[in-house]
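Worksheet: one structure, shown below.
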Amino acid sequence: MLNSAADPFVIQARPRLTTGCLCLAEDNIATLGALKVHASGSSVRAVPFHDYILHHSPETMDVAAMNLLYQPGNVWMFYGLSVAAFALKVGGKLYVAGAKDRGILTMAKRMRELFGNVETLTISKGQRVLCAIKRQSFSVEQLPVTTLRIFADSKLDEGTQLLLSALEVRPEDHALDIGCGAGFIGLHIAHLTPQGQVTMVDASLAAVAASEQAVSQAGLTNVRVLPSDGAQAVLDQRFDLVATNPPFHQGGVQTLEIAERFIRQSARILVPNGRFYLVANRFLKYEPTLQACFQQVREVAGNNRYKVLYATGPRPQ
């Protein structure tokens, strides 16, 4: 399963496995945690999606499947196609499911270009299932995409820029960047708190790897990066400052749930006079949750597209 462990098919497939193995090449540790995947002694195993080609042997899989609903963008879709071409045995099959607005027609074109064949197996309610057969071996050099790029990994997005301009950082802060992505927020804070410590967390293994690389390149020694479902990995710690630019889509659907969970967790781990900053699209209504979790909430920066919300005085959770 190519970064598609959240697909209901996984739950159906697990009890039907007999002598085979279901390999979840997955990026999101929260999804894997919900599935309770245990690597040892199980017919289901999980491996990181973002560096599969670097760390695994080619031509070991009989079937690969990907649901475009769970891919953050086109590069992830095309990288999944490369992983399939790398991992499948000759004669193996790749199945891809998705809708037009998720790029299924583009994927059909890419599958035909790479494998030399593609078949539409079914169309229902705007969804299609495609199948391509691997008829020859591929070298790594023949694969269209061999590395993953995450959201805004090469430049600051407008929302993050606005957040950074509004942040108050003190020299000895213990700070947390939740949903760190490529690490811009955490790195910015780390430069401003030389006597402090910055923790960066993300549920995406690709984001964790990108942030670790950015920390190394910056030569910073006051930063650590952890894989974590929200703040789950640091709930037993306390911070002076928490900042986040949270995602608001999950499985292709707009949601407030991720950011609201970040807010509630932040209220638990901030010291009594701790500060919380969140940047969001202006139409997203996070204020009610913030007011339920903090004594003081106000907007400290904004434009017609984004707002930076500041909260302090966490209420007991």
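Nothing here was measured: the structure is a model prediction, and the numbers come from that model.
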Set of residues satisfying side chain to side chain donor-acceptor pair (under 3.5 Å) with respect to Q213, sequence neighbours excluded: none
I'd like to check the salt bridge (charged side-chain N to carboxylate O under 4.0 Å, His left out) partners of R224; sequence neighbours left out, ordered by chain and number. none
Under 4.5 Å side-chain heavy-atom separation, chaining through any Ile, Leu, Val, Met, Phe, Trp or Tyr, what else clusters with V63? Say none if it is isolated. Y95, L121, V129
Could you tell me if the side chain of F184 sits less than 4.5 Å from the side chain of D157, heavy atoms only? no
Pair I104-R102, side chain to side chain contact (heavy atoms under 4.5 Å, CB included): steps then yes or no: CA-CA 6 Å; I104 192 68; R102 300 297 294 181; over 6 Å; no
Suppose we screen for ring pair (Phe, Tyr, Trp, His ring centres under 6.0 Å). Which residues come up paired with H56, at least two apart in sequence or across chains? Y52
Inspect the surroundings of CZ in F9 and state if more than 12 heavy atoms from other residues, nucleotides or ligands are less than 6.0 Å away. no
Could you go through R170 and E168, starting from their C-alpha distance and side-chain angles, then the distance that decides it, and tell me whether this counts as salt bridge (Lys or Arg N to Asp or Glu O under 4.0 Å)? CA-CA 7 Å; R170 298 168 186 169; E168 176 200 350; 2.9 Å; yes
For the backbone of D27 and the side chain of S204, can you confirm whether one donor and one acceptor N or O come within less than 3.5 Å of each other? no
Mind listing the closest non-hydrogen atom pair of G183 and M200 along with its distance? CA-CE, 3.3 Å
Mind jotting down which residue pairs meet the side-chain hydrogen bond (donor to acceptor under 3.5 Å, both in side chains) criterion with at least one end in residues 256-277? Sequence neighbours excluded, please. D173-R275, D229-R261, E257-R261, E260-T289
Per the salt bridge (charged side-chain N to carboxylate O under 4.0 Å, His left out) rule, what does the pair list look like for residues 109-131, sequence neighbours excluded? none
Report the residues that fulfil side chain to side chain donor-acceptor pair (under 3.5 Å) with D51, sequence neighbours left out, ordered by chain and then residue number. H55
Are E299 and R282 close enough that some pair of their side-chain heavy atoms sits under 4.5 Å apart? yes
Less than 4.5 Å apart, side chain to side chain, heavy atoms only: is that true for L162 and R305? no
Hey, what else clusters with I258 if you join Ile, Leu, Val, Met, Phe, Trp, Tyr whenever side-chain heavy atoms sit under 4.5 Å? L176, I178, V201, L226, V234, L235, F239, V242, F248, L256, F262, I263, I269, L270, F276, L278, F283, L284, Y286, L290, F294, V297, L309
Counting C-beta onward and ignoring hydrogens, is there a side-chain heavy-atom pair between L148 and F49 closer than 4.5 Å? yes
Sub-3.5 Å donor-acceptor pair from the side chain of D177 to the main-chain atoms of V198, do we have one? no
Residues forming a salt bridge (charged side-chain N to carboxylate O under 4.0 Å, His left out) with K100, sequence neighbours excluded: none
Sorted by chain and residue number, the side chain to side chain contact (heavy atoms under 4.5 Å, CB included) partners of R315 (sequence neighbours excluded) come out as Q295, Q317
For I123, the hydrophobic cluster (side chain heavy atoms closer than 4.5 Å, chained through members) also holds none
Could you tell me which residues satisfy side chain to side chain donor-acceptor pair (under 3.5 Å) with R238, sequence neighbours excluded, listed by chain and number? none
Any V140 side-chain heavy atom under 4.5 Å of P58 side chain: no
Donor-acceptor pair, side chain of N303 and main chain of Y306, under 3.5 angstrom: yes
